[in-house]
Structure formats: C-alpha cells, structure tokens
Amino acid sequence: MSTSAVENQADGRSTEDLRAWLTQCVALHVQLTPEQIKPDVPLTDYGLDSIYALTVASEIEDHLGIDLDPTVMWNHPTIDDLVGFLTEPEQTA
Amino acid sequence: MTGTQPPSDAAPGPATAQARLAALDQRLGDPWDSGNPLGFTAVLEADERAEMFADGESALDAYGLNAEFVPVAHGGRLTRVDHLVEIMRTVYRRDPCLGLGYGFSSFISSVNVWTAADPDQQRQVAAILLRGGKIAAAYHELAHGNDMARTDFQALPSGAGRLLLNGRKEVVTNIQRSDAMVMFARTDARQGSRSHSQVLVEKDRVADGKMSYLPRFASAGMRGVQLGGVEFRDCPLPEHRVLGNLGQGLETMLKSFQITRTTLVGMFTGALDTGLRTTLRHVHDRRLYGRTAAELPQVRSTLAGVFLDLLMSEVFATVSTRALHLVPAETGIYAQAVKYFVSKTLIDAMNRLSGVLGAHFYIRDPHSTNAIFQKMLRDIQPAGFGHIARSVCQMSLLQQLPLLARRSWQPGVPAPDDLFRLDADLPPMPFDRLAVSAGGRERLSSSLAAGLQALSADDPAHREVRRLAEGFVTDLAALAEECSRLPVTELAVDASSHSYDLTARYTTILVAAACYETWRHNQHHPDPFWRDPTWLIAVLHRLSAPAGAVRAPLPEHIERHLFAELTERHEAGQGFGINKNGLPAG
C-alpha cells in the first residue's frame with residue numbers, strides 16, 4: 001500500500017482526481033478553463049505569479065491535509081511536476 | 001566620498017544601545033542652532049545643491065553607523081532591529097537623505113547576506129561595512145518596478161564555473177559610489193520563480209571596460225540621495241559570488257526584506273517628528289487674533305491628532321519589529337501591513353501639518369526657521385513607494401485574506417506577551433527562521449479578543465476601551481465571514497474597490513490589537529502616560545472611522561490630554577514617539 005499523501009486520503013482520492021483538482025484550482029486563479037491548462041507547461045506561463053503561488057500552496061495543504069514547503073509550486077512548476085511530487089511515496093500525510 | 005577610511009571611533013564596544021543612541025544624538029547636536037555645522041541650515045543647503053550632506057556623513061562615519069547594520073557575530077553591533085530603528089530615527093529626524101543615502105541602503109543589501117550567504121561572503125560584507133564602505137542594493141529596473149520575477153538583468157551560467165553579467169540596473173541608491181553591490185539577477189533564462197539569484201559584485205574585481213554608469217536620476221524628494229544606474233556587458237563573475245544557491249534569489253528576497261520593509265517605514269516616523277516639532281515652534285511664535293496660533297482650538301486639534309498618528313504608527317511598527325525576533329514565521333504579514341498602514345498615516349499627517357503652517361510650509365530658504373518642513377514633506381514620500389510600493393503590499397495582503405480567514409481569524413492562541421512588553425529583552429535576530437510566506441498564519445489580530453478579558457468592569461475608562469475595542473473584534477468576525485467567501489476573481493489585480501477595502505479593515509484591526517496589547521502589557525511602564533488608557537481610547541476612537549470617512553473629532557478631554565503631553569514633550573525637548581527619552585536602559 002502506498003504511503004503517498006494522495007493514496008492516504010480516506011476517500012481514496014486518485015492521482016487523476018488530484019490532477020483534475022489542481023488544474024481546476026490553477027485555472028480559477030488565472031481565469032482560464034481547465035482545458036486551457038496543459039500539464040507540461042510552467043504555470044507561470046499562464047500568469048500564475050510567484051507570490052500567488054505561495055498562497056495556492058497553502059490551498060493544496062488544506063485540500064490534502066498535509067504540510068508543504070510554501071515554495072512547492074516554485075520547485076515543481078507544471079501540473080505534471082506537482083502531481084508527481086505530491087504522489088511520491090515520501091509525501092506522507 | 002567612498003568611505004574607505006576606517007572610522008575613527010567605530011570599533012564596536014560594549015556600549016548599550018541606549019548609550020549609543022545618546023552618543024549619536026550628542027554628536028549631531030541641536031538641529032535648530034544655526035551655528036551648528038550639523039544643524040538644519042546646513043542640511044538644507046546641501047539639499048538645495050542636491051548633494052549628500054557631507055559633514056553629516058563625516059559625523060556618521062565617526063560614529064560608525066555602518067556597525068549598526070552588522071550582526072555582533074560578524075563584528076558589528078546589531079543584535080536588536082528595534083534598537084537599530086530607534087538609532088536610525090535620530091538620523092531621519094535630522095536628514096532622511098542621510099538615513100537612506102548614508103547607510104540604510106547598505107542594510108537593505110546586507111540583510112540578503114546575513115540571511116542567505118555563506119560564512120566567507122558574510123565576512124567579506126561585514127569587512128566592507130565595518131571599514132565604512134557602502135554596498136548598493138541593485139534590484140530595480142525601470143521596466144519592471146516591483147515585479148522582481150520579471151527581472152531582466154542577467155548573470156547566466158557560461159560554463160567553467162562562471163556567470164556572465166549583462167544588462168542594466170536603474171534608479172539605485174549609491175550605485176556609483178558603493179564599494180560592492182548585491183545584484184538581483186536572472187540566473188536562468190526560463191520564466192519561473194527559481195530563475196533568479198543575488199550575486200555579490202565587488203567593484204575592484206570587475207574587469208576593465210565591462211561596467212559603466214548611467215547618468216544620475218534627479219528626484220523630487222531625497223534630493224541628495226545619489227540615485228544612479230549601471231550597465232554590464234559580458235562581465236564574467238565566479239559562480240561562487242552567488243548568495244546561497246542558484247535560483248534562491250526570490251526566496252532570499254522575500255525572507256530578508258521582511259526585516260527592511262518593516263524597519264524602514266518605522267524609521268520614517270523621524271521625519272514626522274521633525275515636521276510636528278517645526279509646526280509646534282511655529283504656532284507658539286505666531287500671533288493671530290491677539291493670541292498665539294497654539295491657542296486656537298482647531299490648531300490644537302490638528303496637532304493632537306498628528307501626535308496620536310505618530311504614536312500609533314510607532315506602536316504598530318514596534319510590535320511588528322519585535323515580531324521579527326519573536327515570531328519570524330508570521331512577519332510576512334506584518335511587514336506588508338506596516339508598509340500599508342504606517343506610510344499613509346505618516347504622509348497624511350504631514351499633509352495636515354502643512355495646512356497648519358499655511359504659506360510657511362512653502363518656504364525653501366535654508367535660513368528660514370520653517371524651511372526644514374518642506375524638505376521633510378518631500379523626503380517622507382518614499383515611505384509609500386520606496387523599497388516596495390504600498391499598493392503592492394495591499395495587493396499581496398488581499399490575496400491572503402481567504403487563507404487568513406480560514407487559518408487565523410477564529411478565536412485561537414494569542415501572540416506571546418513579550419511581543420508587546422517594551423521592557424522585555426529580545427533574542428538576537430533569527431535570520432534563519434524567516435519564512436518565505438506566513439501561510440495565512442498570524443496571531444496578532446486574534447490577540448485582541450483574548451486580551452479584552454483583562455479589562456475591569458468597574459472602571460469607566462476600561463468600559464470605554466472595551467466598547468471601542470469590541471467593535472474591532474466584531475469586525476474581525478465579519479471580515480472572516482466575508483473573506484472566506486471571496487471568489488478567486490476578487491483576489492487578482494483587477495479586484496473591486498470593495499475587496500481592496502477589506503485589506504484596510506484588516507490592517508486597522510491589526511493596529512488596534514497592537515495598541516491594545518501594548519497598553520495592557522505595559523501597566524508597569526515608568527511613564528504614567530503609557531499606563532493611562534487615554535492614549536489607547538484615542539487610538540481606538542481614531543481607528544473606528546471607516547476607511548475614507550471624515551473622522552469625528554476626538555472627545556475634548558482626550559484631545560486636551562494629548563495636547564498637554566505633546567506640549568510637555570516639546571518643552572522638554574523630548575521625542576514625540578514611543579521612546580520619548582531615547583531607549584530604555586538595558
């Protein structure tokens with residue numbers, strides 16, 4: 001059984017659910033539709049500014065119930081990178 | 001002057017901050033004495049020439065002001081940043097150009113070094129400062145303003161452990177006469193938040209022909225401050241001149257500038273102190289309608305109000321500065337709130353004083369008694385835009401409101417008592433514990449509700465404090481409700497005015513909490529003025545007016561109390577801020 005933050009969720013939220021939630025969250029912030037956010041494009045390209053990304057990191061914390069470094073989105077600048085990081089086995093809740 | 005001569009008596013000694021402050025004050029002498037070579041007449045003459053005040057700089061060299069910017073661990077005198085603020089207020093009261101242009105710009109660059117650099121770099125920077133040198137903080141580019149992530153100036157890796165410097169920095173204090181520069185540079189061509197770094201450039205190591213200066217930028221205020229620019233062309237720099245790791249620049253800036261953004265605005269209160277003193281001298285001398293202008297109720301009301309603004313600005317700035325030592329994880333919020341609230345309060349107060357001075361505020365003759373006022377009025381303006389713009393802080397606070405509502409505005413754990421106890425010692429500045437973001441967590445606002453339990457139900461003054469303070473507790477609850485429902489579209493730069501006003505309500509609550517808790521925790525203060533709740537009632541009264549509304553006058557007995565204190569301090573030659581006699585012993 002994986003120990004990742006995602007798999008640890010009591011409701012069994014899947015990686016794909018997380019990807020969809022993150023994409024929706026970012027899309028809202030940059031005022032685009034989720035379909036317009038490509039998973040391999042840095043989110044700064046869509047206008048997500050560096051300071052705002054710190055606030056979004058806190059939203060991810062609250063959504064997943066875990067503690068994250070506030071710069072998580074700086075270090076993992078695309079949806080793919082972010083999902084990859086958040087589903088690593090080391091990201092225990 | 002490049003200040004490379006060792007200051008004559010700058011060696012850090014065992015002197016307390018209180019003794020150092022007194023020594024600086026004594027060295028600068030009476031500002032109003034026209035025979036004092038360090039007085040206002042000489043300050044104004046230098047300003048008219050748009051030059052730094054040379055004799056003032058020599059006096060600060062002799063005092064060794066730079067040592068105040070260097071932590072004790074590196075051979076300087078810096079342990080408490082609140083002490084640094086009080087020492088710098090003495091300089092700002094004399095000449096804000098000296099405050100910024102002599103030294104504080106070196107502090108802005110060096111906090112990056114104390115926060116992120118390796119021990120060798122820290123030793124080098126300490127050595128430059130302790131021998132009286134200057135270090136420019138080369139961040140600004142005209143094309144990008146406060147948008148640091150768009151910085152174009154390059155220090156791109158070019159192989160063999162080297163970076164190549166290319167591009168311009170513009171409108172930077174002391175860039176030409178500095179010995180070294182901390183430069184904010186793009187170290188990765190890609191967009192992103194890990195694409196920038198600070199690099200330490202020592203000018204004597206720059207190869208010939210690779211660096212040139214741009215013409216000086218003239219300015220409306222702070223005329224003496226040498227604002228310049230620099231351009232680099234393919235200038236090699238060893239990669240080990242990066243502060244910290246490559247790509248850490250934005251993070252280092254956001255952490256370390258919490259110190260300078262909080263403290264810089266706190267120092268500008270010195271300019272208002274001089275503005276208020278100038279006005280008081282004028283109204284006591286000026287006879288109108290058979291009496292002095294100081295006897296006119298409207299004049300007294302304005303002066304009492306400005307005094308109150310100065311006090312509450314210093315209380316809020318002091319609590320936020322103490323927070324840097326005690327709760328550094330929260331100071332990302334307070335630094336922005338101080339900039340947003342205090343800068344406007346000070347500038348508005350100066351504008352009201354200019355109304356009292358009338359035509360006299362407009363006089364520029366350096367030998368005129370009131371001419372220092374027009375300089376202070378111009379020089380105080382950068383409080384609102386220098387180092388970071390007030391509007392950027394407001395925008396940043398706005399983005400954090402829903403998170404704050406969720407994480408901090410429910411009744412919770414109050415802030416530690418020592419945040420407010422003015423006689424409580426502080427641990428050395430914990431540069432390594434600053435956080436890039438507070439993550440929506442602060443305890444100052446909710447301290448107010450918790451602290452109100454200490455009030456007596458029998459004392460009428462306490463009942464008045466409670467009545468006024470409960471308004472802010474109620475507003476915090478309303479704000480929490482509203483902000484938790486704010487749509488994401490209202491958190492962006494194109495948010496409505498109503499949403500921007502929510503930040504004003506929030507910062508007002510922070511100020512009210514800081515003032516209430518400062519009063520409550522200083523009931524043993526040696527000065528009865530601070531123990532008495534009248535100043536607090538006045539603050540809460542003043543803060544109760546909605547943003548933009550015409551403020552109701554203070555109750556007459558409160559205004560009388562404030563004006564009496566102001567007059568007493570004026571006649572005794574004391575300061576108008578939180579420390580009327582300099583720093584407490586210790």
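By convention in this document, chain letters (A, B, ...) are assigned in the order of the sequence lines, proteins followed by strands, and residues within each chain are numbered from 1.
Ranked by non-hydrogen atom pairs under 4.5 Å with chain B, the options A:D62, A:L28, A:N75 are led by A:D62. For the options A:L54, A:L48, A:V30, heavy-atom pairs under 4.5 Å to chain B are most numerous at A:L54.
For B:L403, the part lying under 4.5 angstrom from a heavy atom of chain A is the side chain only. For B:R190, no part lies under 4.5 angstrom from a heavy atom of chain A. At a 4.5 Å heavy-atom cutoff, the contact between B:S396 and chain A is made by side-chain atoms alone. With a threshold of 4.5 angstrom between heavy atoms, A:D49 approaches chain B through side-chain atoms but not through N, CA, C or O.
For the pair B:L254/A:I51, a side-chain contact is recorded, criterion being any heavy-atom separation below 4.5 Å from C-beta on.
In this structure, CD on B:Q399 lies 9.0 Å from NE2 on A:H29, to the nearest 0.5 angstrom. Taken to the nearest 0.5 Å, the CZ atom of B:R194 stands 13.0 Å off from the CE atom of A:M73.
No option in B:L250, B:D147, B:V436 other than B:L250 meets the side-chain contact (heavy atoms from CB on, under 4.5 Å) test with A:S50.
A distance-only check finds a donor-acceptor pair linking the side chain of B:R407 to the backbone of A:S58 [under 3.5 Å].
Residues B:E251 and A:W74 come closest through the heavy atom pair N-CZ3, 3.7 Å.
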